[in-house]
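What follows is one structure encoded as structure tokens, with my remarks underneath.
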Amino acid sequence: MTATTASTAVTSPAVHVLVDPAAVVRRQEAGDHAYGLQALEALDHLRLAYGQWSPGQPLPPTGVLLIAEADTLAPEDLTAITAWVENGGQLVVTAAVPTLAELAGVDATERGQGLVAFDAAQWSQSAPRALRALGGHALQPGDGVEVLAHWEDTPQAAAAITRREHGSGTVTCFGVDLWQSVVRILQGYPVLEDHAPAADGSAPMDEGVLKAEDGMALDVDHDRRTPPGEPEVDGQYPFGYPPPYGPPIFDLPQADLWVSALAQTLWTGLDRTAGAHGWVHYWPAGVPAMGHMSHDSDGNDDADGQAALDSFAEAGVAVTWCQVYRDNAYSQHIYDQITADGHEHALHYNAMDDADIAQWGWEQIQGQYAWAQKVTGVERIRSNKNHYTRWENWTEFYEWCEKLGIEIDESRGPSKLGTVGFTFGTAHVDFPMGEVALGNRRMNVLNLPLHTQDLGHAGHPSCRDVIFDGAESVHGVAHFLYHGPHLREKPYVRRTCAEVAELGRQRGMRWWTAGQINDWERARREVQVQVEPQEQGWQVTVTSSVDLSEVGLVLHLGEQTGAVTATTADGVSAPVTEVSRHGRRWYELGADVRQGTVVWQVVPA
């Protein structure tokens with residue numbers, strides 16, 4: 001149902017974040033990334049209402065304070081924070097601030113990267129095995145300090161995340177360098193040379209072509225697992241197409257699981273202080289995760305294009321069709337049919353040196369964009385995937401996208417059998433962090449991860465359900481790529497296309513193009529929800545600067561366990577269902593949101 005708008009004051013959010021501008025400058029002047037800025041991107045994607053707190057300002061009356069980027073605190077601020085925690089405040093520390101160690105009840109020793117295992121009993125959603133952490137501190141907890149996660153590779157299993165009760169409040173301390181870990185897993189390192197091949201021979205990345213995987217931060221020899229039902233590699237994997245059996249793959253969305261740990265920590269703090277709280281679901285109400293299918297036009301052969309059109313029609317999926325610049329193009333009727341069938345025209349930027357302007361560079365992509373506009377008849381092309389997942393340096397490519405008006409890129413994923421899955425640890429879209437020279441600002445280009453290509457040929461079929469399971473577990477998007485030649489020449493690949501589409505639908509997923517995902521994500525970031533307990537239920541206040549249908553307002557209503565109803569003052573009602581998100585039980589209110597503010601009264605049924 002569509003809710004009408006009403007005028008009401010929005011209360012102060014119960015979560016506040018410290019990103020100290022002075023600390024950001026000090027890091028950047030030293031040539032380092034201010035990784036703590038990623039906390040703002042994570043919260044903006046989560047759509048958990050928050051405010052920012054600065055040193056010297058009064059602290060909020062209660063709620064959660066996240067210390068995301070800071071390196072020191074003035075004595076008066078430390079005193080104020082200590083008193084605030086004693087009075088019930090929930091402090092979450094993800095920055096290395098030495099003066100907070102005493103309040104957290106730990107001694108901290110700096111350390112490098114390693115693996116961190118979660119105590120599953122303390123988390124609603126925890127990783128099935130240890131996650132990769134890119135540095136941080138080993139924590140030695142004092143008396144009464146609870147260990148929530150520990151470093152696996154230390155003799156005494158030093159703590160990695162701790163929680164301490166202090167007065168009426170708590171202090172949760174992340175010894176893990178959370179934000180460096182998230183950014184590096186998502187974005188890797190600058191691509192300057194080939195990545196070393198996997199020791200087992202399943203991922204020969206040293207072929208002389210610079211690509212996204214060459215900068216990945218996950219460890220190809222330690223962060224992969226063999227898909228269920230497949231034999232372990234004995235010696236060297238017999239690499240070839242089609243694959244003889246399923247090699248180890250990146251089976252976990254590790255960056256997403258790290259962000260989930262932070263979200264769970266914030267929600268626990270809100271449980272203790274606000275009682276009721278909410279956020280905006282990643283997808284339309286009732287949709288647990290999203291499916292995405294893309295097609296690369298490699299070769300621009302009409303027969304391949306027709307086979308792809310037929311395959312996607314059989315699958316019932318509208319795809320993002322990435323058009324590659326070559327010396328030849330499809331016949332016009334293929335481009336016209338792509339449009340008629342509801343597919344999205346996108347660019348497939350080619351830097352493989354196989355055509356006159358097929359090189360890595362701004363002028364080259366600019367020329368290819370103009371070519372794609374001409375052959376497709378689409379003036380505003382907003383999506384891209386790089387041919388062969390080509391990549392160089394760190395974020396200069398996103399700067400080119402910004403100049404061209406490309407709003408979403410899906411280049412970052414696997415090019416080898418053994419790197420399929422969650423190569424960059426994510427099933428979610430995000431706005432990447434820019435270079436230090438750009439002030440680590442967020443780039444105005446969404447990153448949409450790629451997970452596998454041409455099932456049965458470039459990706460063993462055993463990876464399919466691993467990708468579905470991982471994406472669904474974090475409520476992200478599962479991305480399957482196909483190529484026309486394989487759909488035409490290999491019946492077993494074509495079969496997987498329809499099978500994947502149907503299996504996704506059976507899981508409750510929808511299949512959206514990159515353009516649809518882009519529009520949805522940008523719009524949902526304009527929606528904010530806040531929940532306040534009332535004498536007879538709860539007041540849910542939604543503010544939005546856009547119109548957006550089927551929004552899922554995810555609500556925690558204290559100890560309420562039975563059915564509830566939701567209505568506005570003018571009698572508009574909306575469905576409320578019980579859902580599981582990140583392993584927690586929630587209520588989800590599904591509503592068509594309009595610009596302005598609307599207040600829902602939620603009461604027990």
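Computed from a predicted structure; not experimentally measured.
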Worksheet item: In this structure, which one of Thr172, Val171, Val92 forms a side chain to side chain contact (heavy atoms under 4.5 Å, CB included) with Arg163?
Response: Thr172

Response to the item:
Scanning both residues in full, the closest heavy-atom pair of Leu18 with Ala70 reads CD2-CB, 4.0 Å

Fill in: Heavy-atom pair with the smallest gap, counting every atom of Gly470 and Pro253
O-CG, 3.8 Å

Worksheet item: Which residues satisfy the side chain to side chain donor-acceptor pair (under 3.5 Å) test with Thr62, sequence neighbours excluded?
Response: none

Worksheet entry | Between Gln125 and Ser260, a side-chain donor and acceptor under 3.5 Å | yes

Item to complete: Can you tell me which residue pairs pass the salt bridge (charged side-chain N to carboxylate O under 4.0 Å, His left out) test with a partner in residues 501-513, sequence neighbours excluded?
Response: Asp469-Arg507, Glu472-Arg507, Glu502-Arg505, Arg510-Glu550

Worksheet item: Heavy-atom distance under 4.5 Å between the side chains of Val15 and Trp267, does that happen here?
Response: no

Item to complete: Would you please indicate yes or no on a ring centroid separation below 6.0 angstrom for Phe480 and His451?
Response: no

Worksheet entry | Counterpart residues, side chain to side chain contact (heavy atoms under 4.5 Å, CB included), relative to Ser580 (two or more places apart) | none

Item to complete: Spell out, as yes or no, whether a donor-acceptor pair under 3.5 Å connects the side chain of Asp77 to the backbone of Gly56.
Response: yes

Worksheet item: Residues in side chain to side chain contact (heavy atoms under 4.5 Å, CB included) with Ala39, at least two apart?
Response: Leu66, Ala68, Trp179

Practice prompt. Decide yes or no for Trp512 and Val287: does some side-chain heavy atom of the first lie under 4.5 Å from some side-chain heavy atom of the second?
Written response: no

Item to complete: To the nearest 0.5 Å, tell me how far Leu455 CG sits from Leu481 CG.
Response: 10.0 Å

Discussion item. Let me confirm one number: the CG-CZ distance from Leu186 to Arg184, rounded to the nearest 0.5 Å.
Written reply: 11.5 Å

Worksheet item: Between Tyr50 and Trp53, does the ring centroid distance fall short of 6.0 Å?
Response: no

Fill in: Those residues that, when tested against Glu588, pass side chain to side chain donor-acceptor pair (under 3.5 Å) (two or more places apart)
Arg581

Anything under 3.5 Å between a donor and an acceptor, one on a side chain of residues 554-562, the other on a protein residue two or more places apart or in another chain? List them.
| from | atom 1 | to | atom 2 | distance (Å) |
| --- | --- | --- | --- | --- |
| His556 | NE2 | Asp271 | OD1 | 3.3 |
| His556 | NE2 | Gly275 | O | 3.4 |
| Gln560 | NE2 | Gly562 | O | 3.2 |

Worksheet entry | Heavy-atom donor-acceptor pair, Gln187 side chain to Met433 backbone, under 3.5 Å | yes

Item to complete: Ignoring hydrogens and angles, state whether a donor on the side chain of Glu526 or Ser544 is under 3.5 Å from an acceptor on the partner side chain.
Response: no

Worksheet, complete the sentence: Value for CG (Asp44) from CZ (Arg524), rounded to nearest 0.5 Å, stands at 10.0 Å

Practice prompt. Taking all heavy atoms of Ser383 and all of Gly515, pick out the closest pair and write down the distance.
Written response: OG-N, 3.8 Å

Worksheet item: For the atom pair CG (Leu103) and OG1 (Thr82), what is the distance rounded to the nearest 0.5 Å?
Response: 4.5 Å

Worksheet item: Distance-only, no hydrogens or angles: does the Glu41 side chain make a donor-acceptor pair with backbone N or O of Asp430 under 3.5 Å?
Response: no

Practice prompt. Could you grab the distance from atom CG of Leu48 to atom CG of Leu270, nearest 0.5 Å is fine?
Written response: 6.0 Å

Practice prompt. Under the ring-ring contact (aromatic ring centres under 6.0 Å, His included) rule, collect the residues that match up with Phe118, sequence neighbours excluded.
Written response: Trp123, Trp258

Worksheet item: Sub-3.5 Å donor-acceptor pair from the side chain of Asp256 to the main-chain atoms of Ala427, do we have one?
Response: yes

Discussion item. Has Gln90 got a side-chain atom pairing as donor or acceptor with Gly88's backbone, closer than 3.5 angstrom?
Written reply: yes

Response to the item:
By ring-ring contact (aromatic ring centres under 6.0 Å, His included), Phe424 pairs with (sequence neighbours left out) none

Discussion item. Ignoring hydrogens, what is the shortest heavy-atom contact between Gln595 and Asp547? Give both atom names and the distance.
Written reply: N-OD1, 2.9 Å

Worksheet item: Should Leu40 and Arg442 count as side-chain neighbours, where that means a heavy-atom distance under 4.5 Å?
Response: yes

Worksheet item: Taking the side chain as C-beta and beyond, is there a heavy-atom pair between Gln122 and Val147 under 4.5 Å?
Response: no

Worksheet entry | Sole candidate of Asn518, Asp409, Thr426, Val477 that passes side chain to side chain contact (heavy atoms under 4.5 Å, CB included) when paired with Leu448 | Val477

Worksheet item: Which atoms form the tightest heavy-atom contact between Ala133 and Val176, and what is the distance?
Response: CB-CG1, 3.8 Å

Practice prompt. State plainly whether the residues Glu521 and Arg47 are in salt-bridge range, i.e. N to O under 4.0 Å.
Written response: no

Worksheet, complete the sentence: Residues passing the side chain to side chain donor-acceptor pair (under 3.5 Å) test with Asn440, sequence neighbours excluded, are Gln28, His33

Worksheet item: Would you call Tyr587 and Glu578 a side-chain contact if the rule is heavy atoms closer than 4.5 Å?
Response: yes

Discussion item. Tell me if a side-chain donor or acceptor on Gln57 pairs with a main-chain N or O of Ser54 at a distance below 3.5 Å.
Written reply: yes

Worksheet item: Can you tell me how far the OG atom of Ser126 sits from the CG atom of Asp119, to the nearest 0.5 Å?
Response: 8.5 Å

Worksheet item: Listed by chain and number, what are the salt bridge (charged side-chain N to carboxylate O under 4.0 Å, His left out) partners of Arg382, not counting sequence neighbours?
Response: Glu407, Asp519

Fill in: Pairing residues for Thr162 by the side chain to side chain donor-acceptor pair (under 3.5 Å) criterion, not counting sequence neighbours
none

Worksheet item: Is the side chain of His479 donor-acceptor paired with the backbone N or O of His292 at a distance under 3.5 Å, no angle test?
Response: no

Fill in: Tyr398-Phe431 aromatic ring centre distance below 6.0 Å
no

Worksheet item: Are any side-chain N or O atoms of His428 and backbone N or O atoms of Val474, one a donor and one an acceptor, separated by less than 3.5 Å?
Response: yes

Fill in: Donor-acceptor pair, side chain of Trp279 and main chain of Leu43, under 3.5 angstrom
no

Worksheet item: Excluding sequence neighbours, so at least two apart, what forms side chain to side chain contact (heavy atoms under 4.5 Å, CB included) with Val319?
Response: Met293, His295, Phe312, Val317, Trp321, His343

Discussion item. Could you tell me if Gln534 and Gln601 have a donor-acceptor pair between their side chains, going purely by distance under 3.5 Å?
Written reply: no

Worksheet item: Taking the six-membered ring for Trp, are His582 and His475 parallel (under 30°), tilted (30 to 60°) or perpendicular (over 60°)?
Response: perpendicular

